[in-house]
Structures are given as structure tokens and as C-alpha cells.
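Here is the structure we will look at, set down as C-alpha cells.
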There are 2 protein chains.
Amino acid sequence: MIAPDTLAAFRAVAGPRGLIEDQDLIAPWLEDWRGKFHGEAAAILTPRSTQEVAAMVRCAAEHRVPLVPQGGNSSMVGGATPPADGSALILSLRAMNSIRRMDPEANLAVCEAGVILSHLHEAAQAVGRRFPLSLGAKGSATVGGLVSTNAGGTQVLRHGTMRALVEGIEAVLPDGSIHDGIAALKKDNRGYDLKQLLIGAEGTLGIVTAASLRLVPAIADRAVAWVGVNDPAQALALLRHMEQQLGPVVEGFEVIAADTLGFILSVIPGTRQPIDTLTPWHALIEVDLDAATDGPGAQQRMEAALASAFEKGLVIDAAIAASEAQAEAFWKLRESASEAERAQGPALQFDISVPIATMPRFMVDVAAACEARFPGTTASSFGHLGDGNVHFHVRAPRAGGTEGGKAWLASHGEDATRFVNDQVVAMNGSISAEHGIGQMKLAEFARLTEPAQIGAVRAIKRALDPLGLFNPGKLVPLATPV
Amino acid sequence: MIAPDTLAAFRAVAGPRGLIEDQDLIAPWLEDWRGKFHGEAAAILTPRSTQEVAAMVRCAAEHRVPLVPQGGNSSMVGGATPPADGSALILSLRAMNSIRRMDPEANLAVCEAGVILSHLHEAAQAVGRRFPLSLGAKGSATVGGLVSTNAGGTQVLRHGTMRALVEGIEAVLPDGSIHDGIAALKKDNRGYDLKQLLIGAEGTLGIVTAASLRLVPAIADRAVAWVGVNDPAQALALLRHMEQQLGPVVEGFEVIAADTLGFILSVIPGTRQPIDTLTPWHALIEVDLDAATDGPGAQQRMEAALASAFEKGLVIDAAIAASEAQAEAFWKLRESASEAERAQGPALQFDISVPIATMPRFMVDVAAACEARFPGTTASSFGHLGDGNVHFHVRAPRAGGTEGGKAWLASHGEDATRFVNDQVVAMNGSISAEHGIGQMKLAEFARLTEPAQIGAVRAIKRALDPLGLFNPGKLVPLATPV
């Protein structure tokens, strides 16, 4: 708990608008959106400027109060939930929500940390540009959180993760100093790159207060296809073929198994089978052209590339969306995969990546190995094949219903998690492709990471945050308290 | 100096092939290629494997011997030259020069640190790909050095610096542990990104032993144009126009002033005026298409975009190379700029960047301000406008010839350096766009960098290299000895 004197000090620094102490207003921000992690906090700090953040951080350092930075609170790994003992305050960046500058000429948007992703999408569209990163939580996820977690999404194949889109950064460091690296410089080799270190650091090294983000031309013409294939290996061969034929205009390449599609069709209202042939696996492909692209349209390119893929035996059946509505319907299938999977009952969910060439083997062999090792379970995967990143689910045995499934997870969940993660590591993969470490993956991160890297992570944390006040209990597996 | 016992210990670890002690063989590696920095070293370690590097690093830690990693020794800032007191050994990575894997399907090359850039170019070309980074020193610069300095070059506009091309990294850390991050994962959010920290760290945090590098399709069709313009502002408007019209196929956009072109034509044999009209400024533009690009050819695209630029008043005169030989001749002009400038006598050379929109103002106003402040000097700039990066030269007054110029540099060089760097910082730019800090820019880096960043740089260095043995005296401005 935080002493009354200490709270009074924060009240003095934050002013009446900068500190929320009403527990009814605080309550929604104490738990992650999946309800897996719950914490306590006496107050939420709501700075309105970088200077205010710096003043609050200095106050926190003086009184040794940990701070948990929070944006849209949409972490998948408990990365924004305060500790359960009530020792920390939440520092919400949501009130810092202005777009400081929108420069279509330079393809640049300078955003404060609290800008919500969908607002940025709209603002970019209004000036004929787009911000090419999107994800399910776009209505609540904020720029600060997206930067701090190096967020991914469905457009990484062409445009990369946040790391590729952040051109400059402004942050408050644990000693209360302000790092002003907001100027967008394409080339800058002055010392260690603090920007790169803060991207993906989950708020444990600095609080990102603003970022300069790269925009790209708006989409002028798109084509979306649904393709039936035999297996993930064929899907990968198809991806290589499409890239060879079409180059970087291939913006999305998602795969999904027939059983997952079946779940979607059975539980999501208004969905329908996109192709007539029943195939074991499916790929969703998007081709996007901007106004500067010469030559054939997106539809025509997609048709030509799929026709030659068909001749090479890489496609069983395919449908190209004939309208924008149909394109949306194809994407809705993909975007409903998580929800439909959840409706199948209790399951373990993994967000993993392996080198792309290894992906087909992972999707097939590890699913089989997992089902053999844990009888009654069913494993399936779907996701971003072009990024080597899939969401891999292991469903608890159906016998016993939901309660039985929960009991299975309680008794075997940890074992199964280790089993899957061991396979990922054996294939030189990552146990966290998109979601980060947060608190959820801390133990597995510590167990499976080489000593050289864990040692470096700890040393960097101690060096930059010697009091251990920035987002404690997240990302850094501590051997000894900092 | 290093004690005989200590040298004997290294001899035992390195074996007869792994340690060069013949001073005739050592001498060429004690000085940087421009002859500005000279050091001493009793021996050069030449490991042939990552394990050997690790063993040598452990020996160095045990005996407290600093190591200076070296590749092609082509640093522009004294980054690979050993200290003058002979306290360090050189660790040469040149014998680790194999390409471990060349995977055109995955667009990936896994290279050891000692692979020379031009060898990588050839190896990629042999499999129908290319490695899209090139620079003047390509015949000697190595992968390890390119990674450790986050090298740039002439293709950054489209393909980015090394940071954008490194997909995985293997390195030996100061405690002798091996960081194996060589697997190319497009998405990996496990803790702080060591790869990003090692890129550009100039060997002060780890010794890069191998890297997985991204390849791109070979160029199937290119067009190169020489364009006369009024001033840098018009050149920037032309760049924006070309990008708008042609998209990312614009791979190079270089600018050069009429006086620099004049120097080139007067001192470089076999060069000739590329366009007939005399214009104050020039732009060199390259458009590259790969085999997957549909639609008009490179020449046709360049013509159409320049024609509409002409109509908009963005071009005074232009010539598109009619043959590969002419394209090479255009590029030779640009690539001879440094040499031609050098022939004009003693000068200060700056490698700076500012936000791209600010570049025209920098090129014109700062040159004028510099000439006004230091009477008799002439300032000029050329380089990568599309990256916001120019090479800015201040030539000493011509009166007094070469000796007078040298004397002027000795008495006013430091003042003039501070003057130019102050302008760069005032425009939110970087005093080192491409070349890094090394030892040459250490004092100015310390003087001009915000305390937050310098503090972080020092803290990270102390955390990862507590004995201060990796490339001492480079990049990190030390307040107190580590």
C-alpha cells in the first residue's frame, strides 16, 4: 500500500485533473481485458504533457513508488496490469492523445502516446495516406502501447512491425529526464540506439510519450482471394510463388485449417463457405496497389498469379472477391478465428514464431506430437504464414465439458505449455512473436532463454532503472531484486 | 604494453594460426585508411570460429586485456584503430569469411563477420538475388563492421541501412558468452532486442561473429537520369514528385552542386558534362525494377515522371542514360565527388543528417553562414537528399596553398567544427548520419548530446562491459573510467 503522505505528494505534483482516486473509476483498469490478471492501485496518474510525465516520474523516484504505464490496457500477457499488492500507481497516457503533426508530404505522423490506433487510421486517411499496421484491438490500443510492445498485426509481411514504422521517439526515463528523439532521421549513428531499446521494452526502461510514425500511400486498388490448399507446405510454396510473381504488393498471406474454418462457420452468424471444394487448408491472400502503381490492376494481377499457381499444382480451388463486401466477408472469416476457437471450450493459446521455412513442419508435426502426448486434446493453428508467426491452440479434452476442460488445464496446462514451447525453441523459434513477455510469459522466458541474453536483459534493466520502478514484474525475470 | 606472460596465455588459447606477432604483418592494421589515427598492438588475434572468439574473449577478460575488433579497417572515424599505448590487442574477424548459407528461396544469406561486402554481392548475384547495400569501401568492408556501424550507402532511400537488412545476429559478449540470435525471425518479442543494441554499437558491447542478412530480387531493368535544377528546395520537390509518381522503385536520389561537379570534371579523367545546360544544382536519380514488376519499363517510367516534373517546373534540363555505360558514367560522377573535393585542398568533412524537409535550408543557409563566419572558406555539400543525409565540406581558405590550409585547419578547425555541428543540432539533426562516433567524434558527441542519452549510453556500456575491454575509447564518452 502507498502511504497517505506519498499520495499527497503525487496530488501536489499532478493537480486535481492529474490524479484519479475514485475507486469506481479505477476498477476497470485493474484487470486485463481477458480477466486473467488482477491488480490493485490506489490511484491513476493522468498526465497531459511530457513535462507532467517527467514531474510524476521524479516524484515516484523520490518516494520509491513503482509506476505501471498504461494505454488501452489491451495487453495479451498482463503487461499493463498493476501488481496485486497495491504498491504501484497506474500512469495512464490516455489523456495525451493529440496528433502533434500530420505531414503527408513527408509521410509522417507525430503522435502522442495516448492516440488510439483507429483514430490514427482515420487521420491518415483524411490526408490521403494510411498507417499500415492494424490489429483486433485497434479501437482501444494506443500508440504508446503499440511502440512499447513492438506490435505486429496483419500487414507485417509488407510493412513490418512497429519497429519498422517508428522513425522517432520521445520518452521519459526512470530518472525523470526526457529523451527527445522525436525528430525523424533516416540515418543517425550517434551511439547506442535508445529508440530501438525502448521499442518492445514494455515500459520497463522508459515511458514513451510520443512517436514519429511512418505513413504510406493510401490503397487505391485491392484484391482479396480465398484459396484452398492441401497443407501448410503447399501454402508456403504458394506464398513464394505469389511473391515471385507479384513482388511486394502481396500485403497479407494468412492460413487457416479446415477445422478452424468449420468452427467459424458454425458459430459466427452470417458467415459462409468461401469456396465450394472442401480442402484441408486455406489461404487468404491480399494484394494492394497504391495510386503510383503502373500496369495491371490488383484483380488482374491476382488472377494471373493464381492461374500460374494452379498450373504448377499449388492451388486446389480459389475464389477472388468480386466486390468490396465479399473481400470484407473473406477477412471476417479470418478475424473471427480466435472467437470461434474460444467457443470450442478451454484451450491453451500460443503466439509463436519459427523461421518461415520451418513453419509448415511446425504446424503439422507439433500439432500431431501434442495430441499424441496429451490424449484427448486437439491442436490447431492459424495466422500469419508469411511472417513465420502462427497462433497455436491446444484444446483441452472435450470429455467433461467446460468444467472438465478447466480442470484439465489446471492439472496439465503447465506441462503442455512447456511441451509446446520446447518444440518452438528446438526449431529456433520465439515463444512470443507478437504479444511480448508481460507477466504471463515471464517464467517460460526465463526457462528457455540462453544465459547470455537473460544476463544482458537484467543488466540493462538494472543500469537504466536501478530502483526498479518502471512496470515492475514485467519482461525482466529477476534473479535478485534490482 | 602487454606482459609477456599474458601474451603467452593468448598464444596458448589461439594456437599458432590464431595469433600474428610479426610486426610487419601487424603494421598495416595499426592505422586507419585516411592516416588520421595511429595505434599500437603487440599482436593480432585471428579466430576462425565463434568458439575461438569466445575463448579469446574469456582470456582477455581473465587478463584484463582490451580487444579492438577489426574487419576491413575502413572506418571513417577511427573506430577500428587500437589505442596508442599498446594496451590492447586487435581481434581480426577477417579469417571468419564463409557464407554459411545462401537461401534465395527465403531471400536470406547467413554470413560470418569477415565476409567482404563485394563477395556477398557476387554470391547473391550468382543465385539471382542481390544484397541491396553498397558503399565505396565494398572491396574491404566486412559484414561484421557493416553491422557494427549500421552502415548506409546509396540505396538507403529504398532499402534502409544495415539495421533494416539484418534479420539475425550471432555475437560474443564481454563475459565470453555467445548470443545465438542468428535465426531469422520476422516477429520476435522476447525481451529487450539485443540484436538492435549490437547493430551500430561499434564493437563496444559485443563482437558480431555472424549475421543473417536479407536479400532482395535482382535488378531486371534500371534507368538512371541526370537532372539540372535550381536549388536543393527544387531537388526536394522533384524527389517528392518522383516518389508520388513512381512509388518505391525510386532507389537512388543524390544531389550535387555545380561547383562540386566542376571539380569532378576538372580532376577526374574521362568524365564529361552530363547535360548541356549549366544549372546551379544537379540530381542523380535511379529507378530499378525487378522481374516481378508489371507494366512499363524503367526507362519509360523515368521519362513519364520527368516529363510531368518538367511541366510542373521542377526540372531545368534532364538526360536519361541511353546505355548501361552511360548510366555507369553518371554514377561515376557522383562517386568521384569525395576524391574531387579532396583535390581542392585541406577541408573539414562532415557526415550529417537533418529531417528531410529541413535539408534544403541546411545546404544553402548553413553553407552561407559558415562562409560568412570564417572568411575565405568555401562550403559545399552533396549526397543522399532522400535520406536527409549530406556530406558537408568546409574548405580552408585557398590563400597560402596546402600548407596554409593545413595551418588554418590547425587553428580554426575545432571552432568551425563546433560551428557546423551547432547548426546541425539546432535543426534537430545528427552529427553522425552514417559513419558513427568512433574516436573522432567522441568529444562533439559528448558536448552535443542530451544528458538523458549520454547517461543511458554510459550505463549500458558499464552494464554489459563492466571491465571496459571491448573497443575502449570508442563511442562511449566516459565521465569516469568504467
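Each chain gets a letter, A, B and so on, in the order the sequences are listed, and its residues count up from 1. For the numbers below, each heavy atom of this structure counts, side chains included, while hydrogens, waters and symmetry mates do not.
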Contact leader toward chain B among [options], where contacts are heavy-atom pairs under 4.5 Å:
options: A:Leu173, A:Ile352, A:Leu464; result: A:Leu464
options: A:Ala291, A:Pro451, A:Ala456; result: A:Ala456
options: A:Leu157, A:Thr449, A:Ile182, A:Leu205; result: A:Leu205
options: A:Gly295, A:Ser177, A:Ala463; result: A:Ala463

Which atoms of [X] come close to chain A, meaning under 4.5 Å heavy atom to heavy atom: side chain ones, backbone ones, both, or neither?
X: B:Leu185; result: side chain
X: B:Thr358; result: neither
X: B:Ala357; result: neither
X: B:Ile431; result: both
X: B:Pro217; result: neither

- Looking at CG of B:Leu194 and CD1 of A:Ile460, how far apart are the two atoms once the value is rounded to the nearest 0.5 Å?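 Between atom CG of B:Leu194 and atom CD1 of A:Ile460 there are 5.5 Å.
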
- Query: Roughly how far, to the nearest 0.5 Å, is the CG atom of B:Asn389 from the CG atom of A:Asp188?
  - Reply: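 Here the interatomic distance stands at 10.5 Å.
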
- Please assess A:Gln453 against B:Tyr192 for the test side-chain contact (heavy atoms from CB on, under 4.5 Å), listing each intermediate value before the final yes or no. CA-CA 9 Å; A:Gln453 188 170 356; B:Tyr192 308 143; over 6 Å; no

- Distance only, no hydrogens: is a donor on one side chain within 3.5 Å (strictly under) of an acceptor on the other, for B:Ser430 and A:Arg190?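 Side-chain D/A pair, B:Ser430 to A:Arg190: present.
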
Between [X] (side chain only) and [Y] (backbone N and O only), is there a donor and an acceptor less than 3.5 Å apart?
X: A:Glu450; Y: B:Asp180; answer: yes
X: B:Ser353; Y: A:Lys187; answer: yes
X: B:Asn189; Y: A:Asn150; answer: yes

- Item | Residues in residues 159-170 of chain A that sit under 4.5 Å from chain B, counting heavy atoms only |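 So the qualifying residues are A:Thr161, A:Arg163.
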
- Answer key: most heavy-atom pairs under 4.5 Å with chain A among B:Asn107, B:Leu108, B:Ile356, B:Thr204 is B:Thr204

